[in-house]
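Every heavy atom of this structure was used, including side-chain atoms; hydrogens, water molecules and symmetry mates were not. Residue numbers begin at 1 in each chain, while the letters A, B, ... track the order of the sequences. Please read these numbers as outputs of a predicted model, since none were measured by experiment.
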Amino acid sequence: MKRSHHCGELGLAQVGQTVTLAGWVASRRDHGGVIFIDIRDRYGLTQIVFDSEENAPLHSIADRLRNEYVMAITGNVSVRPEESKNPNLPTGSIEIRANALELLNEAKPLPFSIEDDVHASESLRLEHRYLDLRRPRMQQLLHLRSQVTHLTRQYLHGLQFMEIETPILTKSTPEGARDYLVPSRVNPGDFFALPQSPQLFKQILMIGGLDRYFQIARCFRDEDLRLDRQPEFTQIDLEMSFVDREDIIQLIEDLIRLIFKETKQIDLPSPFLRLSFEESLNRYGTDKPDLRFDLPLHDLYDFAKTCDFQVFRRAVESNGMVKGLVIPKGAAFTRNRIDNLIETAKEFGAKGLAWVKINEDGQLDSSIAKFLNAESLRNALPTAKPGDLLVFVADQATIVHQVLGRLRLLLGEELELVDRTRWEPVWVLDFPMFEYDQTSQRYVALHHPFTAPHPEDTPLLDSNPLQAKTLAYDLVLNGFELGGGSIRIHSPRQQEKVFDLLKIAKVEAREKFGFLLEALESGAPPHGGIALGLDRLIMLLGQTESIRDTIPFPKTQKAQCLMTHAPSSVSPEQLQELSIRTTAKKPAATP
RNA sequence: GGGGCCGUCGUUCAGCCAGGUUAGGACGCCAGAUUGUCAAUCUGGAAGUCGCGGGUUCAAAUCCCGUCGGCCCCGCCA
């Protein structure tokens, strides 16, 4: 029995036809003389009727059907009695009156039932992912993912991009994330690394004259997991020659707008908003701002400089800052709630959190009342209204931004300031080239060491590297970093200078990136590119709360696969063949 | 490496704070009934070493310590 239709397509138009459907028993309602079976496949549900008066032998076979049995049925498409139509089901105005049934497979009782509002815990779902994947919601997300990669390929192919694969077994590089290592059997003691990104290879491709490259690239980073972070993830990775920053921004904006329009009928703004790194940090305390709500950080430098509150004055006098949030209707917060807010601020790294309530009558109620001059506070925060709560953090800039940036997000959620129907893409531009790392006493690249500086900032590499800005760009959507890229350095002299500044010794640079430096000396075109996090894009587009829902077989927070139980120990023979001895306490697997 | 929440029939929860009945509900499962359901219904039934180990106690799901696992966060993620 071969299926003639799928389970989501039959309607009144097919009434009278004999059809064959195949799928899983989604639900079974046994009324004695008549049995209703919902048959499910990827496309939908269709109700099958087994009537003992019409076909007694078949009815008694159907009596054996249980949830998730796999079957094929043949029958006639019939109009349902008017009062039995189901408006909630796309196929709800018809049913199939069965006249043949082939039981293709049985299923034992399941650990959880296949339904969209899952009651099962996520670990149970991951352990039995094959069942979880039968849920329409999971299938919908994977379909969305497939649609997005298809649109991307179509769009980029249309623009003369070539899809090119880069190695999965590659070279470990210093800096950046921890590498996943793969031992080389034929080179005892040597290791491949799985790529954190195809960065170097795509630059080499440009030098190779391939001009426009893209790849739906799997990337690996051996770092701890988060809600939006998996150790293996997928990037829409591309690189172009003879382009400037604007070309790439345009190209990506068009792609993202196309994806949102085609898959969700959402019109994203054109052009996307842009913020400099500095503006973003000053206003939102982060370089990945969620712009679905306002609640900006207010600078209180002038107020702090002249106020009587020592903590504030000392902060600005020692190169720190004082910033605050104006929390709408916050004056109604109980003392307890404010205390909790202070605790949270401390957890985020603040030494404390000063607060001022502006009561409805305009009177101030504050933890620092005796130091406050109401007049100068009003001047400093003209937008603050009666009924608001002001909170302040005084510290070094990084702390102030981190604490207030996170409080902003927290309050945005708690006070339901976030408009979930809004989509706020924003480019964050002009990142500094370097940060100074106190622990290692050296500069570190904010983006990566191949990022080109602004042409007008090039002299700063010699005079004041921390002031130099790059031609990097991050695309942020609703507070999630969707991707980032840059125009790359194509001059070998400039690349060496950056390695020098990063204190990557010449020998080391030659050893790790020698092929790149050499390639740069062989006629490298100006080039640049970007990588977009596909999983996060699907997570946002699909409006699901975890990146794991967008990946068919994700890892748990301990980077394990609950279904296959990977990673696992291997036999001593395997290890010996690879010239590897482990110091782990765990015994090796027995063969 | 650190902080927080959680772990009880197949599943999901209650019980734990204040130790003491036969550890209870719902869904699922099994059997029977049932010709218009679509969360079908009705009747009956089976099902739990309370994550694991140790301790306190006359007595531990409950209190204490450790450990394992899941999730969220910090660090980390150029």
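Contact annotation: A:R66 reaches the phosphate of B:rC30 (side-chain N/O to OP1 or OP2, under 4.0 Å). Neither OP1 nor OP2 of B:rA39 sits under 4.0 Å from any side-chain N or O of A:S27.
Taking atom P on both nucleotides, B:rA47 is separated from B:rG24 by 13 Å, rounded to a whole Å. Nucleotides B:rG28 and B:rG48 are separated by 15 Å at their C1' atoms, to the nearest Å. The C1' atoms of B:rA31 and B:rC13 are separated by 27 Å, rounded to the nearest whole Å. Taking atom C1' on both nucleotides, B:rC27 is separated from B:rA40 by 14 Å, rounded to a whole Å. Nucleotides B:rG7 and B:rC16 place their C1' atoms 13 Å apart, quoted to the nearest Å. Spacing between B:rG20 and B:rG15 at atom C1', rounded to whole Å, works out to 14 Å. Look at the C1' atom in both B:rA60 and B:rG19: the space between them is 6 Å, to the nearest Å. For the C1' atoms, the distance from B:rU12 to B:rG70 is 15 Å, rounded to whole Å.
Using a 4.0 Å heavy-atom distance criterion, A:Q560 is classed as a sugar-phosphate-only contact. Within 4.0 Å (heavy atoms only), A:R406 reaches sugar-phosphate atoms of the nucleic acid but no base atom. Using a 4.0 Å heavy-atom cutoff across all strands shown, A:L446 reaches sugar-phosphate atoms only and no base atom. As judged by a 4.0 angstrom heavy-atom cut-off over every strand, A:R548 is placed among residues touching the sugar-phosphate backbone only. In this structure, A:K85 reaches the bases: a heavy-atom distance under 4.0 Å links it to at least one base atom across the strands shown. Contacts of A:L124 with the nucleic acid, taken as non-hydrogen atoms under 4.0 Å apart, involve only primed sugar atoms and P, OP1 or OP2.
Of the listed nucleotides (B:rC74, B:rG10, B:rC77), B:rC77 has the atom at the smallest distance from the side chain of A:R229. Taking only side-chain atoms of A:N67, from C-beta outward, the nucleotide of B:rG28, B:rC74, B:rG70 with the closest atom is B:rG28. Nearest nucleotide to the A:R221 side chain, out of B:rC77, B:rC73, B:rC38: B:rC77.
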Would you please test A:F220 and A:F233 for ring pair (Phe, Tyr, Trp, His ring centres under 6.0 Å) and show each step?
CA-CA 7 Å; A:F220 306 86; A:F233 59 101; 8.1 Å; no

Dump the intermediate steps for side chain to side chain donor-acceptor pair (under 3.5 Å) on A:Y473 and A:D430, then the final yes or no.
CA-CA 7 Å; A:Y473 28 83; A:D430 304 330; over 6 Å; no

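Judged as a salt bridge (Lys or Arg N to Asp or Glu O under 4.0 Å), the pairs with a partner in residues 44-65 of chain A (not counting sequence neighbours) are, in order, A:D51-A:R97, A:E54-A:R97, A:R64-A:E106.
If you measure from atom CD of A:E127 to atom P of B:rG69, you get 14 Å, rounded to the nearest angstrom. When the P atom of B:rG75 is taken as reference, atom CG of A:L225 falls 15 Å away, rounded to whole Å. The distance between atom CZ of A:R29 and atom C1' of B:rU41, rounded to the nearest whole Å, is 12 Å. Atom P of nucleotide B:rU37 and atom CD1 of A:I48 are separated by 18 Å, given to the nearest angstrom. Rounded to an integer number of Å, the gap from NZ of A:K558 to P of B:rC68 is 7 Å. Note: CG (A:D228) to P (B:rC77) measures 15 Å, nearest angstrom. Following rounding to the nearest Å, A:L409 (CG) and B:rC73 (P) show an atom-to-atom distance of 12 Å. A:L65 has its CG atom 13 Å from the P atom of B:rC29, to the nearest Å.
Listed for the A:E9 side chain is a donor-acceptor partner under 3.5 Å among the backbone atoms of A:H6. With hydrogens and angles ignored, the 3.5 Å screen pairs a side-chain donor or acceptor of A:T344 with a backbone N or O of A:N340.
B:rC17 makes up no base pair with any nucleotide shown, lacking Watson-Crick or G-U wobble contacts both under 3.5 Å. Nucleotide B:rA60 forms no Watson-Crick or G-U wobble pair with any nucleotide shown, as no partner meets the under 3.5 Å limit on both distances. Base-pair partner of B:rG66: B:rC52 (Watson-Crick or G-U wobble, both distances under 3.5 Å). Judged by Watson-Crick or G-U wobble contacts below 3.5 Å, the nucleotide B:rU12 has B:rG25 as its partner. For B:rU41, the paired nucleotide is B:rA33, the pair qualifying as Watson-Crick or G-U wobble because both relevant distances are below 3.5 Å.
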Distances under 3.5 Å between nitrogen or oxygen atoms of protein and nucleotides 5-9 of chain B:
none

Using nucleotides 34-36 of chain B, report all nitrogen or oxygen pairs with the protein that are shorter than 3.5 Å.
from: B:rU34; atom 1: O2; to: A:D30; atom 2: O; distance (Å): 3.4
from: B:rU34; atom 1: N3; to: A:D30; atom 2: O; distance (Å): 3.1
from: B:rU34; atom 1: N3; to: A:G32; atom 2: N; distance (Å): 3.2
from: B:rU34; atom 1: O4; to: A:D30; atom 2: OD1; distance (Å): 3.1
from: B:rU34; atom 1: O4; to: A:D30; atom 2: OD2; distance (Å): 2.9
from: B:rU35; atom 1: OP2; to: A:H31; atom 2: O; distance (Å): 3.4
from: B:rU35; atom 1: OP2; to: A:G33; atom 2: N; distance (Å): 3.1
from: B:rU35; atom 1: N3; to: A:D51; atom 2: OD1; distance (Å): 3.2
from: B:rU35; atom 1: O4; to: A:E53; atom 2: OE1; distance (Å): 3.3
from: B:rU35; atom 1: O4; to: A:E53; atom 2: OE2; distance (Å): 2.5
from: B:rG36; atom 1: O2'; to: A:S84; atom 2: OG; distance (Å): 3.1
from: B:rG36; atom 1: O6; to: A:R97; atom 2: NH1; distance (Å): 2.8
from: B:rG36; atom 1: O6; to: A:R97; atom 2: NH2; distance (Å): 3.4
from: B:rG36; atom 1: N1; to: A:E95; atom 2: OE1; distance (Å): 3.4
from: B:rG36; atom 1: N1; to: A:E95; atom 2: OE2; distance (Å): 2.9
from: B:rG36; atom 1: N2; to: A:E95; atom 2: OE1; distance (Å): 2.4
from: B:rG36; atom 1: N2; to: A:E95; atom 2: OE2; distance (Å): 3.2

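Taking 4.0 Å as the cut-off between side-chain N and carboxylate O, A:R442 and A:D437 do not count as a salt-bridged pair. Comment: A:R292 engages A:D290 in a salt bridge, judged by a side-chain N to carboxylate O separation of less than 4.0 angstrom. Contact check on A:R218 versus A:E232 returns a salt bridge, with a Lys/Arg side-chain nitrogen under 4.0 Å from an Asp/Glu carboxylate oxygen.
With sequence neighbours left out, A:F201 forms a ring-ring contact (aromatic ring centres under 6.0 Å, His included) with no residue at all. For A:R80, the side chain to side chain contact (heavy atoms under 4.5 Å, CB included) partners at least two apart in sequence or on another chain are A:Q47, A:K85, A:N86, A:L89, A:E95. In this structure A:F553 satisfies the ring-ring contact (aromatic ring centres under 6.0 Å, His included) test with no other residue, sequence neighbours excluded.
One donor-acceptor pair, N or O on each side, does fall under 3.5 Å between the base of B:rG75 and the side chain of A:R226. In the interface, the side chain of A:N86 is paired with the base of B:rC38 through a donor and an acceptor atom under 3.5 Å apart.
Two residues, A:S123 and A:A120, neighbour RNA chain B, and the one matched to the more 5' nucleotide by heavy-atom proximity is A:A120.
A donor atom on one side chain and an acceptor atom on the other are found under 3.5 Å apart for A:R488 and A:S486.
Here the CZ atom belonging to A:F277 is positioned 12.0 Å from the CG atom belonging to A:L429, to the nearest 0.5 angstrom.
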